[in-house]
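Computation of the quantities below employed the complete heavy-atom set of this structure, encompassing side-chain atoms and omitting hydrogens, waters and symmetry-equivalent molecules.
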Amino acid sequence: MSGKIGVLFLHGYTGGRYELEPLFRYLKSRYDFEYEFPVYPGHGHHLDFNSVTGDDWYEEAHEAYEALSRKVDKVYIVGFSMGGLFASHIAQYDQVDKLLLIAPAFEYTHINRLSRLNLRPEGLGEHFKLKTMDVVRSRLTKLSLQAFNEFRGIVDAKMPDYGKIEAETLIVHGKIDLLVPYMSSVEAQKKMKNCRLELVEDAPHIMSYTEEHQHTLNIIAERFLFPERKEFLSNCVNGVSIEKLY
């Protein structure tokens, strides 16, 4: 592998480094790379959206990209949820070599479009068994209408033109995601030039919530970002079914 690699990790809306930290720690323990891992204004363990905007969040992400790109020869971006949207927008305009998008927020669930979730009854039951909504619910008390409107506004403003993204791209999306319909990733993959999609059965929006799904994500990410490692399983990771779409 030639050239110094840098990896930019971008977390999601109302989240923080902890959403991607298990993946970061896994990769950093096995590979030597430069990195940037910003936390958007108002985010992290203590949420405070009173004086920040969606533009502030994106600017933090882009400034981290610029800082990283000055230090390395190749830039990879790992973006989760809103961070996946930001990663895609950056890749549309700036040089990015690899793009790993985890449940990217190309769409968010509308009450009147619940059918977009495409959930089987058993999938819905599996989701609630994981209790991942408890994580989301704990954040909702910190949100105002203004903060949610900032999120909607920045999603609309930074929605990429998929066809203009040149980076080698992998999208990973759980099939029981209640926050971002996985069909939005299916549709995005069809419009992107150099993109694969892996759908993970029984995985929620926040894959780091369970050890099983985190392990699956670690292996998927490693074999995409650092393919020189050969010990990967092809279609099944730790017993979790992976559906590949090319």
Are Glu212 and Asp202 close enough, and set up right, to give a side-chain contact (heavy atoms from CB on, under 4.5 Å), and what steps lead you there?
CA-CA 10 Å; Glu212 177 185 30; Asp202 301 328; over 6 Å; no

Checking Ser184 side chain against Val180 main chain: does a donor-acceptor pair fall under 3.5 Å?
no

Show your reasoning for whether ring-ring contact (aromatic ring centres under 6.0 Å, His included) applies to Tyr18 and His11.
CA-CA 8 Å; Tyr18 56 87; His11 66 78; 7.8 Å; no

Under a 3.5 Å cutoff, is there a donor and acceptor pairing between the side chains of Glu222 and Tyr31?
yes

Lys158 charged N/C atom sitting above Phe86 aromatic ring, 6.0 Å / 45°
no

Heavy atoms only: give me the nearest Pro181-Glu107 pair and the separation to one decimal.
CG-OE2, 3.7 Å

Which pair of heavy atoms, one from Asp97 and one from Lys74, lies closest together, and at what distance?
OD2-CA, 3.2 Å

Donor-acceptor check, side chain of Arg17 to backbone of Phe37, threshold 3.5 angstrom: yes or no?
yes

Decide yes or no on side-chain contact (heavy atoms from CB on, under 4.5 Å) for Val52 and Tyr40, but give the supporting numbers first.
CA-CA 9 Å; Val52 296; Tyr40 318 134; over 6 Å; no

Do any N or O atoms from the side chain of Ser208 and from the backbone of Ile206 form a donor-acceptor pair under 3.5 angstrom?
no

Would Arg196 and Glu198 pass as an ion pair if we require N to O under 4.0 Å?
yes

Evaluate side-chain hydrogen bond (donor to acceptor under 3.5 Å, both in side chains) for His213 paired with Thr210, printing each intermediate quantity in order.
CA-CA 6 Å; His213 295 121; Thr210 70; 2.7 Å; yes

As an exercise, state the distance from CG of Asn218 to CZ of Arg25, rounded to the nearest 0.5 Å.
12.5 Å

In this structure, CD1 of Ile220 is separated from NE2 of His215 (nearest 0.5 Å) by 10.0 Å

Any side-chain heavy-atom pair of Pro104 and Leu85 under 4.5 Å:
no

Could you tell me the separation between the CG atom of Leu225 and the CD1 atom of Ile5, rounded to the nearest 0.5 Å?
8.5 Å

Taking atom NZ of Lys190 as the centre, does the number of heavy atoms from other residues, nucleotides or ligands within less than 6.0 Å exceed 12?
no

Where is the tightest heavy-atom contact between Gly42 and Phe49, given as atom of each residue plus distance?
O-CE2, 3.5 Å

Separation of Asp73 CG from Glu34 CD (nearest 0.5 Å)
10.5 Å

Going from CD1 on Ile165 to CG on Asn194, what distance comes out if it is rounded to the nearest 0.5 angstrom?
11.0 Å

Mark yes or no for whether Gln189, through its side chain, and Ile171, through its backbone, hold a donor-acceptor pair below 3.5 Å.
no

Test item: Val78 and Ile102 side chains (from C-beta on) under 4.5 Å apart, heavy atoms:
yes

For His173 and Asp177, the nearest pair of non-hydrogen atoms, with its separation, is NE2-OD2, 3.0 Å

Electrostatic pair Glu187-Lys191, nearest N-O below 4.0 angstrom:
no

Would you check if the side chain of Asp56 reaches a backbone N or O of Thr53 as a donor-acceptor pair within less than 3.5 Å?
yes

Going by the side chain to side chain donor-acceptor pair (under 3.5 Å) test, which pairs reach into residues 80-92, not counting sequence neighbours?
Tyr58-His89, Ser81-His205

Residues Lys71, Glu36: salt bridge by 4.0 Å N-O rule:
yes

Ile77 side chain near Leu100 side chain, heavy-atom distance below 4.5 Å
no

Given the rule in the side-chain contact (heavy atoms from CB on, under 4.5 Å) test, do Glu168 and Phe224 qualify, once you have shown the distances and angles that lead to the verdict?
CA-CA 9 Å; Glu168 181 183 359; Phe224 172 65; 3.7 Å; yes

Pair Leu170, Leu99 - check side-chain contact (heavy atoms from CB on, under 4.5 Å), show working.
CA-CA 6 Å; Leu170 175 65; Leu99 197 57; over 6 Å; no

So, taking the atom named NZ in Lys175 and the one named CG in Leu199, what distance separates them when rounded to the nearest 0.5 Å?
6.0 Å

Could you report the tightest heavy-atom contact between Ala105 and Met159, atom names first, then the distance?
O-CE, 4.3 Å

Can you list the residues that meet the side chain to side chain contact (heavy atoms under 4.5 Å, CB included) rule with Lys28, with sequence neighbours excluded?
Phe24, Asp32, Phe33, Tyr35

Aromatic ring centroids of Phe151 and Trp57 under 6.0 Å?
no

For the student: nearest non-hydrogen atoms of Phe80 and Ala103, plus distance:
CE1-CB, 4.3 Å

